[in-house]
Undergrad: 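What follows is a structure written as structure tokens; I'll ask about it next.
We use all heavy atoms of the structure for the numbers below, so side chains are in, but hydrogens, waters and symmetry mates are not.
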There are 2 protein chains.
Amino acid sequence: MARRFRGESHHKVDSKGRVSIPASFRRVLEASDPNWKSGDTPELVIVYGDHRRNYLECYTMEAIEEVDEKIDALPRGSMERKMLQRLFHGQSFPTTVDETGRLVLPAKLRQKINLENEAFFIAAGDTFQIWKTETYEEEELAKTEEWLDELPDDFDPLAFLDKRPED
Amino acid sequence: MARRFRGESHHKVDSKGRVSIPASFRRVLEASDPNWKSGDTPELVIVYGDHRRNYLECYTMEAIEEVDEKIDALPRGSMERKMLQRLFHGQSFPTTVDETGRLVLPAKLRQKINLENEAFFIAAGDTFQIWKTETYEEEELAKTEEWLDELPDDFDPLAFLDKRPED
DNA sequence: AGGGATGCCATGGGAATTCATGGAAATCAA
DNA sequence: TTGATTTCCATGAATTCCCATGGCATCCCT
């Protein structure tokens with residue numbers, strides 16, 4: 001069942017690295033964790049990537065399983081496989097949401113994206129991202145706007161919906 | 001239960017060759033050792049390979065069993081079988097994690113990968129690797145960068161996930 | 001419509017446990 | 001005996017667990 005995350009919101013990060021995740025995101029994580037049963041805490045995998053990435057990407061168990069299967073299908077020993085293993089197996093952190101609906105981000109992950117007091121959560125299909133609020137506002141939003149500016153004034157992004165893959 | 005290793009981290013190696021392995025890796029080793037029961041120490045196999053390999057590859061009991069079976073299936077006397085036996089049976093070292101969660105790497109293995117004060121652990125599917133931190137950073141990461149540089153600027157490695165095998 | 005009562009949600013603090021690491025004593029091997 | 005392994009114990013730091021609070025929104029009763 002490919003449930004989707006929706007929405008965005010800001011949450012406090014405390015001194016221990018604990019941060020509430022949006023309640024609606026929890027529902028999706030639960031529904032997408034094959035082992036989850038009412039009353040316990042859903043699992044997820046946080047992919048943090050290499051030094052170039054400045055946000056955390058959170059995968060539901062279903063989503064990460066799909067990725068893992070694709071990696072397994074690549075030829076053993078190929079560079080592609082090695083790269084993807086490094087990213088998804090090496091540069092990732094498996095965890096669970098706690099009983100009170102929080103994620104605990106280890107110091108290492110917080111430092112990686114420079115997270116201090118406030119985290120910004122934003123949905124992205126079957127994953128969601130965690131940003132340092134300031135980074136998102138200063139870098140990511142700017143980038144998006146810049147990109148939009150290059151398109152014709154009256155361009156409607158909806159046009160992408162029906163674009164054929166080979167374009 | 002093909003559990004997977006995830007994550008990467010640095011650990012000290014002391015003068016006796018003792019090194020803690022990431023706690024999460026221990027959980028996977030335990031779950032993947034058919035003979036393991038709560039309270040005792042999981043087994044694993046360290047494959048160190050020939051002179052060209054500069055890291056140690058650690059297999060869970062389940063993973064090495066799978067490899068062994070595939071080797072057994074090869075025709076007796078074939079070159080393939082001989083080579084794989086040399087690598088996985090000859091150039092490997094069976095051991096266990098100790099009660100405090102450490103591996104003891106014999107001097108021979110440490111010298112092979114030039115390990116001194118710090119080891120770098122990184123997950124790779126159903127195995128994990130142990131590198132000398134400096135080797136990983138200087139050689140392995142450099143190799144990766146080089147490889148990435150050959151790809152188009154805007155290329156996203158994620159594209160490999162959906163690559164068709166015949167490409 | 002007013003006024004609880006109920007329940008989920010975001011957040012906080014302290015206690016208890018696990019982890020990574022260091023070192024001394026006991027055991028082994030040549 | 002001498003160096004190397006293996007056991008056993010010790011400790012600070014990090015992480016997990018457990019319990020507590022205030023704020024909203026919803027539901028219900030009269």
Side-chain angles (χ1 to χ4, degrees), chain A residues 5-31 36 38-44 46 48 56 58 93-112 115-123 128 130 133, chain B residues 5-31 38-44 46 58 93-112 115-123 128 130-131 133:
Chain A
F5 294 102
R6 295 222 180 260
E8 49 178 2
S9 65
H10 299 272
H11 292 267
K12 274 222 156 181
V13 182
D14 73 18
S15 54
K16 297 187 203 171
R18 296 183 298 189
V19 54
S20 285
I21 76 171
S24 73
F25 286 15
R26 290 203 285 273
R27 300 293 96 79
V28 179
L29 289 174
E30 291 165 354
W36 181 84
S38 172
D40 59 30
T41 64
E43 293 187 275
L44 70 154
I46 304 180
Y48 50 87
L56 308 175
C58 303
F93 171 71
T95 185
T96 73
V97 177
D98 75 14
E99 314 67 35
T100 70
R102 284 182 285 200
L103 232 43
V104 182
L105 303 176
K108 187 181 146 197
L109 293 201
R110 278 177 277 153
Q111 280 159 15
K112 176 133 194 328
L115 199 57
E116 280 157 353
N117 300 309
E118 200 187 62
F120 175 67
F121 289 75
I122 182 164
F128 64 89
I130 304 178
T133 299
Chain B
F5 294 102
R6 283 200 195 273
E8 52 179 356
S9 64
H10 299 271
H11 292 266
K12 278 223 155 176
V13 182
D14 73 17
S15 54
K16 300 185 210 170
R18 297 183 299 186
V19 54
S20 284
I21 76 171
S24 73
F25 287 15
R26 291 202 284 273
R27 300 292 97 78
V28 179
L29 289 174
E30 291 165 355
S38 171
D40 58 31
T41 65
E43 294 186 274
L44 70 154
I46 304 179
C58 303
F93 171 70
T95 185
T96 74
V97 177
D98 76 15
E99 313 68 37
T100 69
R102 284 183 282 203
L103 278 177
V104 181
L105 301 175
K108 184 182 155 196
L109 293 200
R110 276 177 279 154
Q111 281 158 15
K112 177 134 194 326
L115 198 57
E116 279 158 354
N117 299 310
E118 201 187 61
F120 176 67
F121 289 75
I122 182 163
F128 64 89
I130 304 179
W131 294 74
T133 298

Undergrad: May I ask you to verify if any side-chain N or O of Lys108(A) is less than 4.0 angstrom from the OP1 or OP2 atom of dA14(D)?
TA: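 It does not, given that no N or O in the side chain of Lys108(A) lies less than 4.0 Å from OP1 or OP2 of dA14(D).
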Undergrad: So, OP1 or OP2 of dA14(D): does either fall under 4.0 Å of a side-chain N or O from Arg110(A)?
TA: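 Answer is no, no contact under 4.0 Å.
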Undergrad: More 5' along DNA chain C: Val13(B) or Ala23(A), using each one's nearest nucleotide?
TA: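 Upstream on the strand: Ala23(A).
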Undergrad: In this structure, how many angstroms lie between the P atom of dT7(D) and the CG atom of Asp40(B), rounded?
TA: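 Checked: the CG to P distance equals 13 Å.
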Undergrad: Tell me the interatomic distance from Asp14(B), atom CG, to dC19(C), atom C1', rounded to whole angstroms.
TA: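 Rounding to the nearest Å, CG of Asp14(B) and C1' of dC19(C) are 16 Å apart.
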Undergrad: Which nucleotide wins on minimum distance to the side chain of Val104(B), given the candidates dA10(C), dT6(D), dG12(C)?
TA: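 Within the option list, the nearest is dT6(D).
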Undergrad: Given atom NE2 of His11(B) and atom C1' of dG22(C), what is their separation to the nearest angstrom?
TA: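 Distance, rounded to whole Å: 16 Å.
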Undergrad: Tell me whether the OP1 or OP2 atom of dA20(C) has a side-chain N or O from Arg26(B) closer than 4.0 Å.
TA: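 So the side chain of Arg26(B) is within the cut-off, an N or O lying under 4.0 Å from OP1 or OP2 of dA20(C).
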Undergrad: What integer distance in Å separates His10(B):NE2 from dT21(C):C1'?
TA: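 Between C1' of dT21(C) and NE2 of His10(B): 17 Å.
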Undergrad: Roughly, in whole Å, what's the span from NZ in Lys12(B) to C1' in dA13(D)?
TA: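 The distance from NZ of Lys12(B) to C1' of dA13(D) comes to 15 Å, rounded to the nearest Å.
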Undergrad: Just to verify, which of Lys12(A), Arg18(A), Lys16(A) counts as forming a salt bridge (Lys or Arg N to Asp or Glu O under 4.0 Å) with Asp14(A)?
TA: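 For Asp14(A), the salt bridge (Lys or Arg N to Asp or Glu O under 4.0 Å) test succeeds with only one of Lys12(A), Arg18(A), Lys16(A), which is Arg18(A).
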Undergrad: Which part of the nucleic acid, if any, lies within contact of Ile21(B), taking any heavy atom under 4.0 Å across all strands shown: a base, the sugar-phosphate backbone alone, or nothing?
TA: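 Here Ile21(B) touches the backbone only, sparing every base.
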Undergrad: Which atom names give the shortest non-hydrogen contact between Phe93(A) and Val104(A), and what distance separates them?
TA: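 In this case the closest contact between Phe93(A) and Val104(A) is CE2-O, 4.1 Å.
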Undergrad: Tell me whether the rings of Phe128(A) and Phe25(A) are parallel (<30°), tilted (30 to 60°) or perpendicular (>60°).
TA: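 The rings of Phe128(A) and Phe25(A) sit tilted, inter-plane angle from 30° to 60°.
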Undergrad: Do the side chain of Lys16(A) and the base of dT15(D) come within less than 3.5 angstrom through a donor-acceptor pair of N or O atoms?
TA: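 Answer no: no donor N or O sits under 3.5 Å from an acceptor.
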Undergrad: Identify the residue among Thr95(B), Thr96(B), Leu29(B) that makes a side chain to side chain contact (heavy atoms under 4.5 Å, CB included) with Glu43(B).
TA: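 Testing each of Thr95(B), Thr96(B), Leu29(B) against Glu43(B), the sole residue satisfying side chain to side chain contact (heavy atoms under 4.5 Å, CB included) is Thr96(B).
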Undergrad: What is the distance, to the nearest angstrom, from the CG atom on Asp98(B) to the C1' atom on dT5(D)?
TA: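 Going from Asp98(B) (CG) to dT5(D) (C1'), I get 12 Å.
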Undergrad: Could you point out which residue of Thr133(B), Leu115(B), Ile130(B) forms a side chain to side chain contact (heavy atoms under 4.5 Å, CB included) with Phe120(B)?
TA: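 Testing each of Thr133(B), Leu115(B), Ile130(B) against Phe120(B), the sole residue satisfying side chain to side chain contact (heavy atoms under 4.5 Å, CB included) is Thr133(B).
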Undergrad: Nearest whole Å is fine: how far is dC9(C) C1' from Arg102(A) CZ?
TA: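 About 11 Å, once rounded to whole Å.
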Undergrad: It should be established whether Arg18(B) places a side-chain nitrogen or oxygen under 4.0 Å from OP1 or OP2 of nucleotide dT7(D).
TA: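 No.
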Undergrad: Grab the CZ-P distance between Phe121(B) and dT21(C) for me, whole Å please.
TA: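 Rounded to whole Å, this separation is 9 Å.
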